[in-house]
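Okay, so here's the structure we're looking at.
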Amino acid sequence: MEKIDWSTLSFGYTKTHYNVRCYYKDGQWSALEVSDSEMLNIHMGSTCLHYGQEAFEGLKAFRGKDDKIRLFRCEENAQRMIDTADYIMMQAPSVELFTEAIVKVVELNKEFVPPYESGASLYIRPFLIGVGAQIGVSPAKEYMFVVFVSPVGPYFKEGFKPTKVMLEPYFDRAAPNGTGHIKVGGNYAAGMRSGEIAHQKGYSTAIFLDSKEKKYIDECGPANFFGIKDGTYVTPFSHTILPSITNNSLMEIAKDMGLKVERRLIPVEELSTFEEAGACGTAAVISPIGQIDDLENNVSIQFGNPEVAGEWCTKLYNRLRAIQYGDEADKFGWVKVLED
Ligand code: PLP
Ligand code: COI
């Protein structure tokens with residue numbers, strides 16, 4: 001294995017030793033297979049290629065000070081993949097099979113779990129695709145479930161420094177009664193144009209508005225949005241928003257630290273009343289938002305010091321990381337420690 005400079009890792013792909021795979025056919029899942037190939041061999045008529053029958057997940061493994069490897073809320077990802085698959089008529093692996101695959105792929109690639117001091121982690125990407133010879137628009141009869149891993153650093157280049165985001169004035173990521181609440185590839189295809197426009201204009205990502213009324217805050221790129229004011233953690237509630245496992249955890253932590261928690265519609269006009277704002281997700285962890293620009297209306301909203309993360313963002317970030325890396329007791333029961 002080539003030496004990896006853990007401290008300079010960004011959120012990118014690094015080749016590891018193995019991935020794991022299994023196949024659904026004739027009503028049942030095969031046993032897990034270990035592969036050292038980075039390629040898939042699938043039929044050109046596969047529904048994942050034509051009709052978007054694709055579901056994915058993202059979770060992380062962390063190496064603690066004690067050198068032990070910890071998985072964060074793996075069963076939640078398993079359940080979300082089941083929910084996603086159910087909605088787009090796919091067969092999903094059970095929670096048990098999903099968990100077995102995750103544990104196996106991490107164990108096979110132990111040396112790619114970054115050291116404790118580096119602050120990096122091992123990103124785990126499970127995905128599920130409809131495969132097999134087909135042309136008609138109907139659910140596939142066969143499925144492939146694959147999990148690969150890659151050591152990663154921060155998703156947004158600023159890391160834990162405030163980032164600037166652009167309010168997307170026009171394009172929608174998901175329809176009001178569509179697929180925004182599940183993790184299908186199509187949502188990311190729909191959001192890619194806005195993401196690229198935001199990047200070209202110098203922003204780290206785009207914040208979407210609700211697609212029905214264009215009045216409320218929706219997703220913040222590949223992450224949930226939250227704002228903090230008057231001792232309250234506020235995060236949007238909507239059918240078009242992915243139920244983020246990180247956000248759910250932060251809501252618990254916020255309550256535990258004495259903040260009130262509100263999950264509700266957030267009108268765009270309310271943004272300027274927040275003392276702090278952030279984007280949260282597995283990849284993003286917490287990315288403090290320093291500024292949101294509404295270029296259509298020439299409005300720029302700033303949150304605190306643009307150079308330094310706010311007090312609550314910092315406290316929430318530290319607490320979440322302490323649980324994930326095992327620095328703090330796992331009082332919520334979120335962590336699975338792998339055997340040596
Ligand atoms: N929203 C979107 C659109 C995402 O892609 C993600 C990433 O998974 C999240 C939110 C955050 O979800 P989680 O915290 O479960 O990773
Ligand atoms: C994650 O946070 O795990 C995600 O899935 C975001 C990803 C699209 C980069």
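Just follow the structure's listing: the first ligand is 1, and inside any ligand the first atom is 1. Computation of the quantities below employed the complete heavy-atom set of this structure, encompassing side-chain atoms and omitting hydrogens, waters and symmetry-equivalent molecules.
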> Can you check whether Ser204 reaches Tyr155 side chain to side chain, under 4.5 Å on heavy atoms?
Replying inline: no
>> Among residues at least two apart in sequence or on other chains, which ones pass salt bridge (Lys or Arg N to Asp or Glu O under 4.0 Å) with Asp36?
In response: none
> Does CE in Met89 sit with more than 12 non-hydrogen atoms of other residues, nucleotides or ligands closer than 6.0 Å?
Replying inline: no
>> Going by side chain to side chain donor-acceptor pair (under 3.5 Å), name the residues that satisfy it together with Ser121, two or more places apart in sequence or in a different chain.
In response: none
> Heavy atoms under 4.0 Å from ligand 2: which residues qualify?
Replying inline: Phe11, Phe56, Gly58, Tyr123, Arg125, Tyr155, Lys183, Tyr188, Pro222, Thr282, Ala283
>> Working note: Phe274 + Phe303, criterion ring-ring contact (aromatic ring centres under 6.0 Å, His included); need CA distance, chi angles, decisive distance, verdict.
In response: CA-CA 7 Å; Phe274 289 118; Phe303 306 93; 7.1 Å; no
>> Any non-hydrogen side-chain atom of Phe148 less than 4.5 Å from a side-chain atom of Glu38?
In response: no
> With the threshold set at 4.0 Å, does a side-chain nitrogen-carboxylate oxygen contact exist between Arg319 and Asp256?
Replying inline: yes
>> If the criterion is any heavy atom closer than 4.0 Å to an atom of ligand 1, which residues make the list?
In response: Arg80, Arg173, Lys183, Tyr188, Glu219, Gly221, Pro222, Ala223, Asn224, Leu242, Ser244, Ile245, Thr246, Cys280, Gly281, Thr282
> Does CD in Glu111 sit with more than 12 non-hydrogen atoms of other residues, nucleotides or ligands closer than 6.0 Å?
Replying inline: yes
> Given Tyr116, which of Asp66, Asp67, Asp327 fulfils the side-chain hydrogen bond (donor to acceptor under 3.5 Å, both in side chains) condition?
Replying inline: Asp327
